[in-house]
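A quick write-up on the structure given underneath.
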Amino acid sequence: MTNHVPAPLGHLRLGVNIDHVATVRNARGGEWPDPVRAALLAQQSGADGITAHLREDRRHISDHDIERLMDTLSLPLNFEMAATDEMQKIALRHRPHAVCLVPEKREERTTEGGLEVAREENRLAHFIAPLRDAGCRVSIFIAADPRQIEAAHRIGAEVIELHTGAYCDAHAEGRFDERDAELGRLRDMAAFAHSLGLEVHAGHGLTYDTVAPVAALPQVMELNIGHFLVGEAIFTGLGAAIAEMRRLMDAARA
Ligand code: PXP
């Protein structure tokens with residue numbers, strides 16, 4: 001009998017979302033704290049990429065932040081945006097490493113759900129074609145729902161990012177049966193998306209308490225985490241918060 005040694009899981013990338021450094025800056029106007037400085041610190045502290053969401057209302061990240069990130073970062077930028085003509089023009093001007101399409105509603109506090117790809121398949125297929133031609137990897141932020149995954153695959157996306165918000169909310173509110181059911185959905189849908197040839201990412205609402213089970217999903221190649229890290233940075237500093245998240249991800253992956 002031979003001993004079966006499971007293959008090591010692929011390196012799990014950590015994308016640090018710096019939006020909420022800009023939220024704090026914008027609370028007072030001016031230039032402090034600078035999200036680009038946070039991105040450079042994240043780069044030194046174990047991040048594999050930087051994520052920034054240029055919202056239609058510019059409530060946190062600004063156009064100038066994106067320009068400066070493109071000029072200064074050596075890490076890949078994952079540019080989150082709504083599927084609008086304005087944002088497509090901006091993305092085509094900068095050609096970031098990745099473009100992640102997210103739904104956006106002005107009245108929401110954060111990105112509440114995944115993109116409805118299935119309902120807008122035709123429009124989105126045309127929308128992403130020039131982004132792909134420009135060399136951007138196109139990622140679609142969606143719920144763990146087979147209809148959305150199949151639609152993302154059909155329109156030619158290379159990556160999907162699974163929305164972990166429902167799993168994290170259920171954990172935070174002590175609804176542990178629901179949390180476990182959400183985790184089961186994430187597990188099944190990560191495997192399903194991978195079987196179609198899609199690269200799988202995940203994110204939204206992840207914390208030290210919730211990251212490990214998601215990091216352990218073998219098909220997940222990247223986690224994008226922001227709000228918790230920026231909050232934790234108040235107590236421990238951003239570098240230490242990122243290093244601890246990295247440690248928890250690596251331990252779950254081992
Ligand atoms: N991934 C996507 C697509 C997002 O829209 C967000 C929030 O902007 C995140 C990840 C990060 O979520 P959080 O800030 O809650 O960690």
Side-chain angles (χ1 to χ4, degrees), residues 12-24 26 35 38-39 42 47-61 65-66 69 76-83 87 91 96-106 108-117 136-145 148-149 152 157-172 182 186 190 193 198-212 214-215 220-234 238 241-242 244-246 248-249:
L12 177 62
R13 295 193 299 270
L14 170 59
V16 172
N17 181 316
I18 54 166
D19 292 352
H20 296 299
V21 178
T23 302
V24 176
N26 296 359
D48 300 288
I50 298 298
T51 293
H53 183 178
L54 185 66
R55 291 187 78 104
E56 188 197 4
D57 61 10
R58 308 302 198 267
R59 70 175 70 160
H60 38 57
I61 293 293
D65 292 331
I66 297 293
L69 286 168
L77 177 68
N78 177 32
F79 178 60
E80 278 186 30
M81 58 178 233
M87 289 299 153
H97 166 79
V99 167
C100 180
L101 297 185
V102 301
E104 226 178 83
K105 290 189 228 117
R106 256 174 199 269
E108 72 189 354
R109 254 192 289 176
T110 181
T111 313
E112 279 165 5
L115 197 66
E116 247 300 333
V117 199
C136 303
R137 301 195 80 207
V138 175
S139 165
I140 318 264
F141 189 46
I142 50 179
D145 170 346
Q148 304 300 341
I149 293 170
E158 293 162 278
V159 181
I160 56 151
E161 180 166 333
L162 293 173
H163 198 309
T164 52
Y167 155 74
C168 292
D169 287 349
H171 176 86
E182 289 294 344
L186 291 167
L198 290 160
E199 181 170 311
V200 183
H201 300 175
H204 207 279
L206 291 168
T207 66
Y208 293 158
D209 289 340
T210 51
V211 75
V214 181
V220 173
M221 298 303 296
E222 178 174 310
L223 299 181
N224 286 303
I225 308 179
H227 184 260
F228 176 81
L229 289 173
V230 173
E232 192 63 12
I234 293 169
L238 186 60
I242 292 170
E244 175 61 5
M245 191 61 86
R246 178 82 264 169
L248 292 167
M249 286 165 56

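Here, residue 1 is the first one in the sequence, and each next residue gets the next number. Counting starts at 1 for both ligands and their atoms, in listed order.
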Pick whichever of [options] has a heavy atom sitting closest to [atom].
atom	options	value
atom 12 (O) of ligand 1	His20, His227, His204	His204
atom 9 (C) of ligand 1	Leu162, Asn17, Val16	Asn17
atom 16 (O) of ligand 1	Ala52, Gly114, Gly226	Gly226

Numbering the atoms of ligand 1 from 1, which are under 4.0 Å from a heavy atom of [X]?
X	result
Ile225	16 (O)
Val102	3 (C)
Glu80	1 (N), 2 (C), 3 (C), 4 (C), 5 (O), 6 (C), 8 (O)
Asp19	8 (O)

Where the side chain of [X] meets the backbone of [Y], is there a donor-acceptor pair that is under 3.5 Å apart?
X	Y	result
Asp19	His53	yes
Thr207	Thr210	yes
Glu80	Cys100	no

| query | For ligand 1, is there an N or O atom under 3.5 Å from any N or O atom of Asn224? | reply |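 No, there is no polar N/O contact under 3.5 Å.
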| query | Short N/O distance, under 3.5 Å, between Gly205 and ligand 1? | reply | yes
| query | Quick one: does Val211's side chain get under 4.5 Å of Met249's, heavy atoms only? | reply |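 Yes, at least one pair of side-chain atoms sits under 4.5 Å.
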| message | Go through it in stages, so that I can follow the logic: the residues are His204 and Glu161, the test is side-chain contact (heavy atoms from CB on, under 4.5 Å), and I'd like the CA-CA distance, side-chain angles, deciding distance and then a yes or no. | response | CA-CA 10 Å; His204 207 279; Glu161 180 166 333; 6.0 Å; no
| said: Can a side-chain donor-acceptor contact be found between Thr51 and Asn78 if the only test is distance below 3.5 angstrom? | reply: yes
| request: Please work out which of the three classes, parallel, tilted or perpendicular, describes the rings of His20 and His227, given edges at 30° and 60°. | output: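 Rings of His227 and His20: perpendicular, as their planes differ by over 60°.
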